[in-house]
Amino acid sequence: MNRNCSTSCVALGYFDGVHLGHKEVIKTALSLTQYESAVFTFNNREADNITTDEAKKKLLTNLGVKQIFSYDFEETKNFSAEEFVSEILIKELRAGAVCCGFDFRFGKGAEAGTDELMRICERHRIVTIIVPPVELGGTAVSSSAIRKLIADGDVESANKLLGHELFYELEVVGGNKQGRTIGFPTINQNMPKDCTALRFGVYSSRVAIKSKRNLYRGITNIGVKPTAGENNNVTIETHIIGYDGDLYGKSIEVNLLKFIRPEKKFNSFEELTKQIKEDLKWLK
């Protein structure tokens, strides 16, 4: 926190996915220009996460957030509601205002909600803004709803509730290189074990190389590559249309757009090749 600034407006939340509801909280905090805006969030990598911590920070930064304070969940889980406000919001973040969603919980065992937050903050003369639920097409936007859509493979609907495309920005690792032998070279990325498990299958995708200005269409398989005899390691395997280059060791962003078909085991690579050609027709 910039100590030359007397007070800040702190947006509070886990912000997993940075969906439309989270965006409303962030935008509300940023709109209070009399304060220096900041985000308080925390890491809880044992959870069923929509995004990686790196992706969350990228999304928050793209919204215009300048200061992100990400605490280890273990550091804060035993704070009482009173301690959270006094030790973190006041002493560390110098909050003059706080903003959160209607369902925000805090304190040991998630003992406190927004009513307690308003009561405690009022005593410390901290402005409190509670953002009501955000709905889209009659559906309440929530991380739990998005996780279910992702698990079902409905990334189209998930993307609408997120307000952006579901993406994974991960290092390209070595694969078995069998894709090259059938004319469809791929990049391979390991799915983070602490992220929500996607429905195994083939998706249309958009791949960003170097920057958002270098976008390529792609076709992505999420799963264990049964035809190639892979193990249980879940991979993101993407054939990038119109790109021929070495991406090993680089961090590449793959955005998922639409579920095409479930993953299946083919009797031969000839059958797999024929199916890939059919899959590519979805991109036209």
Side-chain angles (χ1 to χ4, degrees), residues 15-20 22-23 26 39 41 49-66 68 70 143 146-147 149-150 153-175 177 179-180 183-223 225 233-260 263 276 279-284:
F15 299 121
D16 184 27
V18 193
H19 57 58
L20 289 175
H22 298 150
K23 287 180 170 69
I26 301 299
V39 164
T41 186
N49 294 283
I50 297 170
T51 55
T52 63
D53 287 333
E54 293 75 16
K56 179 164 68 172
K57 290 175 183 176
K58 182 175 183 177
L59 289 164
L60 291 172
T61 300
N62 289 344
L63 288 174
V65 176
K66 302 299 184 184
I68 302 170
S70 186
S143 294
I146 293 168
R147 291 188 190 100
L149 291 169
I150 291 172
D154 189 359
V155 294
E156 283 186 288
S157 296
N159 289 347
K160 290 176 182 178
L161 298 187
L162 285 167
H164 60 264
E165 294 164 1
L166 177 68
F167 73 93
Y168 300 91
E169 187 169 358
L170 303 164
E171 180 183 354
V172 175
V173 298
K177 300 185 179 180
R180 294 184 180 279
F184 296 102
T186 60
I187 62 170
N188 291 270
Q189 299 163 301
N190 291 322
M191 174 66 76
K193 297 184 185 301
D194 50 19
C195 281
T196 300
L198 274 152
R199 181 183 180 187
F200 287 0
V202 176
Y203 297 78
S204 63
S205 58
R206 195 189 332 270
V207 184
I209 299 175
K210 294 184 179 178
S211 73
K212 283 287 189 182
R213 290 186 294 274
N214 294 342
L215 293 173
Y216 293 82
R217 291 182 304 157
I219 191 159
T220 298
N221 184 81
I222 307 288
K225 298 187 284 189
N233 185 44
V234 180
T235 61
I236 304 171
E237 184 182 24
T238 304
H239 173 61
I240 307 172
I241 311 299
Y243 183 83
D244 183 20
D246 183 5
L247 296 175
Y248 287 117
K250 296 181 180 178
S251 185
I252 300 298
E253 180 183 311
V254 175
N255 299 257
L256 300 182
L257 308 179
K258 182 180 178 65
F259 182 83
I260 296 176
E263 183 179 52
I276 292 174
D279 295 339
L280 289 170
K281 293 179 182 178
W282 286 87
L283 306 185
K284 294 181 180 179

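The first residue in the sequence is number 1, and the count goes up from there.
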Out of Leu198, Asn255, Leu257, which one pairs with Leu166 under the side chain to side chain contact (heavy atoms under 4.5 Å, CB included) rule? Leu198
May I ask you to test the Phe200-Val234 pair for a side-chain heavy-atom distance under 4.5 Å? yes
Identify the two heavy atoms, one from Val207 and one from Ile252, that lie closest to each other, and give their separation to 0.1 Å. CG1-CG2, 3.6 Å
Residue from Glu54, Gln189, Met191 passing side chain to side chain contact (heavy atoms under 4.5 Å, CB included) with Leu170: Gln189
Enter the distance from Lys160:NZ to Glu165:CD here, rounded to the nearest 0.5 Å. 13.0 Å
Expected output: side-chain Asp154 to main-chain Leu149 donor-acceptor under 3.5 Å: no
Roughly how far, to the nearest 0.5 Å, is the CZ atom of Phe15 from the OG1 atom of Thr51? 12.0 Å
Pairwise distance CG(Leu162) to CD1(Ile146) - rounded to 0.5 angstrom: 4.0 Å
Salt bridge (charged side-chain N to carboxylate O under 4.0 Å, His left out) with Glu169: of Lys58, Lys250, Lys56, only one passes, and it is Lys58
State, to 0.1 Å, how close Phe167 and Leu59 come at their nearest heavy-atom pair, and which atoms those are. CE2-CD2, 3.8 Å
If you measure from OH on Tyr216 to CD1 on Ile240, what distance do you get to the nearest 0.5 Å? 8.5 Å
Closest non-hydrogen contact found for Thr238 with Gly218 is CG2-CA, 4.4 Å
Residue pair Ser204 / Ile260: nearest heavy atoms and the distance that separates them: N-CD1, 3.7 Å
Are Asn62 and His164 side-chain neighbours, meaning at least one heavy-atom pair lies under 4.5 Å? no
Using 0.5 Å steps for rounding, measure from the OG atom of Ser205 to the NE2 atom of His239. 10.0 Å
Is the side chain of Asn221 donor-acceptor paired with the backbone N or O of Thr235 at a distance under 3.5 Å, no angle test? no
Search all heavy atoms of Asp16 against all heavy atoms of Arg147 and return the closest pair with its distance. OD2-NH2, 2.9 Å
Residues Ser70, Lys57; criterion side chain to side chain donor-acceptor pair (under 3.5 Å); working and verdict: CA-CA 9 Å; Ser70 186; Lys57 290 175 183 176; 4.9 Å; no
For Ser143 against His22, the heavy-atom pair lying closest together: OG-CE1, 3.5 Å
Mind checking whether Leu280 and Ile241 have side chains closer than 4.5 Å, heavy atoms only? yes
CH2 of Trp282 to OH of Tyr203: how many Å apart, nearest 0.5 Å? 13.5 Å
